[in-house]
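Comments concern the structure below.
Computed over heavy atoms, backbone and side chain alike; hydrogens, waters and symmetry mates excluded.
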Amino acid sequence: MNLIKLNIVGYSHSEFQQGAFALILSEENGKRNLSIVIGACEAQSIAIGLENIKVPRPLTHDLIKDIATKYNINLSYVYIHQIIDGIFHSFLFFKNQNGVEKKVDARTSDAVAIAIRFNVPIYTNEEILKETNLDSIKKHNNSKKKKEKEKIDNYSNFSINELKNKLKKLLLLENYEEAVKIRDEIKKRKK
């Protein structure tokens, strides 16, 4: 398997799902990104790990690290290995004191929070990067088309005089694409 190392870029509120966050990971030697929707609790745990904030009682991800440390189990790396129906699937690769490696299935948000605490790399593969970057291009284009359609639809709320004034301003600003849309709306109404 050809592993591609990812770096954590950050996180923000998800623009696609209310109340959720987007965790942004980027390939180390490239320009592609992964955007993974995560819950608020996972986002908080990731933020605490990234900022090295000490909490009075261990969080679940801290507890996992403490147990692993006490039993001489090391996390080698995290591997985001597939995406099914928009959901990322990950493995944690652990090694015990005898060097025996075992993989454990995990939600990607939990895997990242744990990787931060163990300070280990996060990997993915070419297929995931291709698929997610195609999806984000499609989403961006769909969002752009939707906004353009909303602009056109919104012109129907203006009076002809308002449209003419807006048209003059757009022509002065040399925004000809938007001016054409307004011109077309005026023509449509005059028919």
Side-chain angles (χ1 to χ4, degrees), residues 1-55 57-96 99-143:
M1 92 183 124
N2 190 11
L3 298 178
I4 299 170
K5 188 173 181 189
L6 300 170
N7 294 318
I8 298 171
V9 175
Y11 51 91
S12 65
H13 287 281
S14 172
E15 59 185 77
F16 301 110
Q17 197 171 340
Q18 191 169 5
F21 290 80
L23 172 65
I24 312 298
L25 303 165
S26 71
E27 66 180 320
E28 187 169 80
N29 296 315
K31 296 180 180 178
R32 295 174 293 180
N33 292 325
L34 285 182
S35 177
I36 302 171
V37 176
I38 61 174
C41 292
E42 292 80 7
Q44 180 185 31
S45 183
I46 288 169
I48 287 170
L50 287 172
E51 301 298 323
N52 250 345
I53 298 170
K54 300 296 177 210
V55 291
R57 304 285 301 143
L59 299 173
T60 305
H61 302 112
D62 299 313
L63 182 62
I64 290 169
K65 180 168 189 312
D66 291 346
I67 291 169
T69 302
K70 288 196 188 323
Y71 288 95
N72 294 320
I73 301 169
N74 294 310
L75 180 63
S76 302
Y77 62 94
V78 165
Y79 177 46
I80 303 170
H81 64 94
Q82 66 182 7
I83 180 170
I84 302 172
D85 297 328
I87 300 187
F88 292 88
H89 294 257
S90 295
F91 289 126
L92 299 164
F93 282 84
F94 286 100
K95 270 190 187 169
N96 67 16
V100 177
E101 187 173 73
K102 298 282 185 179
K103 68 181 178 186
V104 176
D105 185 32
R107 294 185 315 164
T108 299
S109 55
D110 290 327
V112 170
I114 293 168
I116 291 166
R117 282 152 175 84
F118 278 89
N119 196 28
V120 298
I122 301 167
Y123 296 104
T124 194
N125 57 53
E126 185 64 30
E127 291 77 32
I128 296 268
L129 285 172
K130 278 182 183 174
E131 184 175 343
T132 55
N133 281 276
L134 283 176
D135 281 349
S136 64
I137 289 167
K138 286 178 192 171
K139 282 180 186 174
H140 175 73
N141 288 342
N142 288 342
S143 175

Check your understanding: Restricting to pairs with a member in residues 72-96, which pass salt bridge (Lys or Arg N to Asp or Glu O under 4.0 Å), not counting sequence neighbours?
Key -> none

Point to revise | Asp110 versus His61, side-chain donor and acceptor atoms under 3.5 Å | key: yes

Practice item. Would you check if Ile36 and Leu25 make a side-chain contact, meaning some heavy-atom pair closer than 4.5 Å? Key: yes

Review point. When rounded to the nearest 0.5 angstrom, what is the spacing between CG in Asn29 and CD1 in Ile4?
Key: 10.0 Å

Check your understanding: Where is the tightest heavy-atom contact between Ala20 and Val37, given as atom of each residue plus distance?
Key -> CB-CG1, 3.7 Å

Point to revise | Qualifying residues under side-chain contact (heavy atoms from CB on, under 4.5 Å), relative to Ile73, sequence neighbours excluded | key: Ala68, Tyr71, Phe94

**Study point:** All pairs passing salt bridge (Lys or Arg N to Asp or Glu O under 4.0 Å) where residues 30-40 contributes a residue, at least two apart
**Key:** Glu27-Arg32, Arg32-Glu126

Review point. Can you tell if the side chain of Ile48 reaches within under 4.5 Å of the side chain of Leu59, non-hydrogen atoms only?
Key: yes

Check your understanding: What residues, two or more places apart in sequence or in another chain, satisfy side chain to side chain donor-acceptor pair (under 3.5 Å) together with Gln82?
Key -> none

Review point. With under 30° as parallel and over 60° as perpendicular, where do the rings of Tyr77 and Phe93 fit, or are they tilted in between?
Key: parallel

Check your understanding: Are Ile24 and Leu34 side-chain neighbours, meaning at least one heavy-atom pair lies under 4.5 Å?
Key -> no

Review point. Just by distance, do the side chain of Thr69 and the backbone of Lys65 share a donor-acceptor pair under 3.5 Å?
Key: yes

Revision key, fill the gap. Residues at least two apart in sequence or cross-chain that pass side chain to side chain donor-acceptor pair (under 3.5 Å) with Ser90, listed by chain then number, are Thr108

Review point. Got a sec, which residues hit side-chain contact (heavy atoms from CB on, under 4.5 Å) with Ile116, two or more places apart in sequence or on another chain?
Key: Ile8, Ile46, Leu50, Val112

Practice item. Rounded to the nearest 0.5 Å, what's the gap from CG on Leu6 to CG on Leu129? Could you check? Key: 6.0 Å

Check your understanding: Who pairs with Lys5 by salt bridge (Lys or Arg N to Asp or Glu O under 4.0 Å), at least two apart in sequence or on another chain?
Key -> Glu28

Can you list, pair by pair, the side-chain donor-acceptor contacts under 3.5 Å of residues 118-125, counting residues two or more places apart and other chains?
| unit_1 | atom_1 | unit_2 | atom_2 | d |
| --- | --- | --- | --- | --- |
| Thr124 | OG1 | Ile80 | O | 2.9 |
| Asn125 | OD1 | Glu127 | N | 3.2 |
| Asn125 | OD1 | Ile128 | N | 2.9 |
| Asn125 | ND2 | Tyr79 | OH | 3.0 |
| Asn125 | ND2 | His81 | O | 3.0 |

Practice item. Applying side-chain contact (heavy atoms from CB on, under 4.5 Å), name anything that partners Asn74, two or more places apart in sequence or on another chain. Key: none

Check your understanding: Listed by chain and number, what are the side chain to side chain donor-acceptor pair (under 3.5 Å) partners of Asp62, not counting sequence neighbours?
Key -> Arg117

Exercise for review: First locate atom CD of Glu42, then atom CZ of Phe21, and finally report the distance between them rounded to the nearest 0.5 Å.
Suggested key: 10.5 Å

Practice item. Enter the distance from Ile83:CD1 to Ile87:CD1 here, rounded to the nearest 0.5 Å. Key: 9.0 Å

Check your understanding: Considering all heavy atoms of both residues, which atom of Tyr11 and which atom of Ala47 are nearest to each other, and what is their separation?
Key -> OH-CB, 3.0 Å

